[in-house]
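Contents: one structure, followed by commentary.
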Amino acid sequence: MSDSEQAHEAVELLDHIDRSASERPGFNRRAFLRRTALTGVASGSVGALLSACGSSGASSSGSASVFGSHKKYKFVFVNHVTTNPFFTPTQYGAADASKLLGCEYQWTGSETSNVSQMVTALNSAVTGGADGIAVALTDLHAFNAPVEAAIKAGIPVLAYNADAPGNARLAYIGQDLKKAGEKMGERIASAVGSGDVGLFIATPGSANLQPRIEGAEKAVKASGKPITTHSVATGAAVTGEQPAIEAWYQSHSSAKGMYAVDGGSTESLAKVMQKLGLVSKGVHAGGFDLTEQTQKLLQEGDIDFTIDQQPYLQGFLPVLQLFMYKASGTLTGPAEVDTGLKFLDKETVKPYVSTKSRYEGTSTAAKAFS
């Protein structure tokens with residue numbers, strides 16, 4: 001459709017809307033709207049104009065034309081490491097879905113994986129009248145009662161990034177963590193024939209990480225190879241992870257492999273591999289997630305692989321599902337979503353390095369690439 005055709009279509013719609021509106025004395029609304037529609041084409045604003053000119057009873061949100069009038073829902077995300085760079089694209093996903101649907105979201109929780117702080121944040125969301133809650137269930141039991149209380153109060157709760165069996169949450173959106181760990185373990189067994197292997201984890205026991213390390217240990221053991229795995233805690237603070245990994249290697253300099261099960265530890269591991277020149281010493285390494293530094297160091301060959309779990313979708317989809325649950329009157333919305341298990345190596349990571357985007361947290365710009 002040409003620009004002029006778009007303009008005339010916009011004018012026809014505006015004329016239809018205008019028939020039921022009363023005119024103010026001295027103001028020709030129809031002429032004003034016609035001029036606005038025609039000049040708006042030049043700046044590509046017809047779509048925005050049509051969205052802004054709905055019927056007088058419609059919601060002011062852009063979703064009103066699809067879903068009808070609705071309140072501006074507020075959804076709360078409860079996170080375990082609120083300042084960790086892994087969750088930058090998650091926040092972009094939540095922000096983009098909120099903008100698309102005319103909602104708003106709050107990002108809260110703990111900076112240091114403190115479960116009690118997270119529970120407090122969840123309870124505050126309930127008492128504050130949130131329309132929906134998305135929580136990373138990093139503890140197998142601590143969130144059970146708060147989630148049940150939220151649902152009893154009519155507030156839908158979804159789990160994202162981490163799940164807890166038996167929790168009353170309505171759905172889980174995130175990676176199959178145990179399977180991801182097992183697939184990593186298979187890679188470890190294939191790359192390392194024998195010897196010591198370090199497995200680095202930010203917070204042992206955390207429900208978003210422990211299944212991965214257990215899966216990796218299981219797969220290595222099942223391989224039958226004489227490999228000894230060592231579980232090493234690196235801490236929730238990103239600044240402490242690299243020193244912890246380097247210290248472990250210095251005391252296990254004969255190690256044949258080093259692997260991490262979280263994004264912060266993976267970036268730190270890659271930096272240690274580069275700093276100490278461990279690839280040239282025959283040490284294999286790999287991990288999870290795609291911070292900007294991990295992408296760069298993977299392309300340079302400092303680690304063998306990393307695993308993408310699409311963190312952007314872990315922010316976007318909870319907002320979408322919570323919105324649908326509210327908009328449909330609880331008839332639809334919550335759905336289990338596995339956000340994926342994608343191995344990337346130095347070749348397949350190239351598009352990630354060359355393309356800066358909100359989807360991986362490497363750019364703030366909103367942009368479609370195809």
Between Thr88 and Pro85 (side chain of the first, backbone of the second, donor and acceptor by atom type, cut-off under 3.5 Å), is there such a pair? yes
Note: Asp338 and Gln175 closest approach over all heavy atoms is OD1-CA, 3.7 Å
Have Thr112 and Asn114 got a donor and an acceptor in their side chains that come within less than 3.5 Å? no
Taking NZ in Lys356 as the centre, count heavy atoms belonging to other residues, nucleotides or ligands within less than 6.0 Å. Is the count above 12? yes
Pairwise side-chain contact, Val135 with Arg169, heavy-atom cut-off 4.5 Å (strictly under): no
Can the ring centres of Phe200 and His230 be said to be less than 6.0 Å apart? no
Is it true that a side-chain atom of Thr90 and a backbone atom of Pro311 form a donor plus acceptor pair closer than 3.5 Å? yes
Side-chain donor or acceptor of Gln242 paired with backbone N/O of Ser268 under 3.5 Å: no
Please report the C-alpha distance between Leu122 and Val147 in whole Å, then the side-chain angles of each, then the deciding distance to 0.1 Å, and finally whether the side chain to side chain contact (heavy atoms under 4.5 Å, CB included) criterion is met. CA-CA 8 Å; Leu122 197 161; Val147 168; 4.1 Å; yes
Hey, is the main chain of Met324 close enough, under 3.5 Å, to the side chain of Ser328 for a donor-acceptor pair? yes
Answer whether the closest heavy-atom distance between the side chains of Thr362 and Gln295 falls below 4.5 Å. yes
Looking at Phe75 versus Tyr105, is the centre-to-centre ring distance below 6.0 Å? no
Quick check: closest heavy atoms across Phe77 and Gln314, and the distance to 0.1 Å? CE2-O, 4.0 Å
Value for CG (Asn161) from CD1 (Ile173), rounded to nearest 0.5 Å, stands at 11.0 Å
Are there more than 12 heavy atoms of other residues, nucleotides or ligands under 6.0 Å from atom NZ of Lys179? no
Under the criterion side chain to side chain contact (heavy atoms under 4.5 Å, CB included), I'd like the reasoning laid out for Leu322 against Val319: C-alpha separation, chi angles, the key distance, then a yes or no. CA-CA 5 Å; Leu322 290 169; Val319 171; 5.9 Å; no
Heavy atoms of Gly287 and Thr266 approach each other most closely as CA-OG1, 3.4 Å
Tell me whether Leu290 is reachable from Tyr92 by hopping between hydrophobic residues (I, L, V, M, F, W, Y) whose side-chain heavy atoms are closer than 4.5 Å. no
For the pair Tyr312 and Tyr359, name the ring-plane relationship: parallel under 30°, tilted 30 to 60°, perpendicular over 60°. perpendicular
Between Phe288 and Phe86, is the gap from one ring center to the other below 6.0 Å? no
Could you tell me which non-hydrogen atom of Ala285 sits nearest to which non-hydrogen atom of Leu269, and how far apart they are? CB-CD2, 4.1 Å
Keeping the roles fixed (side chain from Ser354, backbone from Lys350), state whether a donor-acceptor pair exists under 3.5 Å. yes
Between Ser231 and Glu217, is there a side-chain heavy-atom distance shorter than 4.5 Å? yes
Kindly compute the distance separating CG (Asp163) from CZ (Phe143), expressed to the nearest 0.5 Å. 11.5 Å
Looking at CE of Met273 and CG of Asp302, how far apart are the two atoms once the value is rounded to the nearest 0.5 Å? 7.0 Å
Donor-acceptor pair, distance only, cut-off 3.5 Å: does the side chain of Ser98 make one with the backbone of Ala94? yes
Is the closest side-chain heavy-atom distance between Ile188 and Leu199 below 4.5 Å? yes
For Ser253 and Gln250, indicate whether the former's side chain and the latter's backbone hold a donor-acceptor pair under 3.5 Å. no
Any sub-3.5 Å donor-acceptor pair from Trp248's side-chain atoms to Gly198's backbone N or O? no
Full working for salt bridge (charged side-chain N to carboxylate O under 4.0 Å, His left out) between Asp304 and Lys346: CA-CA 7 Å; Asp304 299 332; Lys346 65 183 298 183; over 6 Å; no
Between Glu246 and Lys275, is there a side-chain heavy-atom distance shorter than 4.5 Å? yes
Going from CG on Leu298 to OH on Tyr352, what distance comes out if it is rounded to the nearest 0.5 angstrom? 10.5 Å
Are any of the side-chain heavy atoms of His70 and Phe323 separated by less than 4.5 Å? yes
Which residue, Asp139, Asn208, Thr138, forms the side chain to side chain donor-acceptor pair (under 3.5 Å) with His80? Asn208
Scan side-chain atoms only and decide if Thr294 and Thr291 contain a donor-acceptor pair under the 3.5 Å cut-off. yes
Ignoring hydrogens and geometry, is there a side-chain-to-backbone donor-acceptor pair from Gln321 to Ala335 under 3.5 Å? yes
Would Val78 end up clustered with Leu209 when hydrophobic side chains under 4.5 Å apart are linked, directly or stepwise? no
Does some side-chain heavy atom of Val126 sit less than 4.5 Å from a side-chain heavy atom of Ile155? yes
Could you tell me whether the side chain of Leu344 reaches within less than 4.5 Å of the side chain of Phe305, counting heavy atoms only? no
Check step by step if salt bridge (charged side-chain N to carboxylate O under 4.0 Å, His left out) holds for Glu267 and Lys271. CA-CA 6 Å; Glu267 177 180 321; Lys271 290 177 178 177; 2.9 Å; yes
Stepwise side chain to side chain contact (heavy atoms under 4.5 Å, CB included) test for Val157 and Leu170: CA-CA 6 Å; Val157 180; Leu170 301 181; 5.7 Å; no
Could you give me the CA-CA distance, side-chain angles and deciding distance for Ser265 and Asp262, then say whether side-chain hydrogen bond (donor to acceptor under 3.5 Å, both in side chains) is met? CA-CA 6 Å; Ser265 295; Asp262 61 271; 2.9 Å; yes
Identify whether Ile227 and Tyr259 are in the same connected component of the hydrophobic contact network (ILVMFWY, side-chain heavy atoms under 4.5 Å). yes
Full working for side chain to side chain contact (heavy atoms under 4.5 Å, CB included) between Glu111 and Val81: CA-CA 4 Å; Glu111 291 186 10; Val81 280; over 6 Å; no
Could you give the distance from CG (Leu278) to CD1 (Ile303), rounded to the nearest 0.5 Å? 12.5 Å
Hydrophobic clustering (ILVMFWY, side-chain heavy atoms < 4.5 Å, transitive) - are Trp107 and Phe316 grouped together? yes
Asn79 and Thr82: side-chain donor and acceptor closer than 3.5 Å? no
For Arg358 against Ala95, the heavy-atom pair lying closest together: NH2-CB, 4.3 Å
Around atom NE2 of His141, are there more than 12 heavy atoms of other residues, nucleotides or ligands at under 6.0 Å? no
Over all atoms of both residues, closest heavy-atom pair of Asp289 and Gln309: OD1-NE2, 3.0 Å
Donor-acceptor pair between Gln117 and Ser110 side chains, under 3.5 angstrom: yes
How long is the gap from OG1 on Thr229 to CD1 on Ile213, to the nearest 0.5 Å? 8.0 Å
Between Lys218 and Glu182, is the salt bridge (charged side-chain N to carboxylate O under 4.0 Å, His left out) condition met? List the steps. CA-CA 7 Å; Lys218 176 183 176 182; Glu182 291 174 354; 3.5 Å; yes
Ignoring hydrogens and geometry, is there a side-chain-to-backbone donor-acceptor pair from Ser280 to Gly277 under 3.5 Å? yes
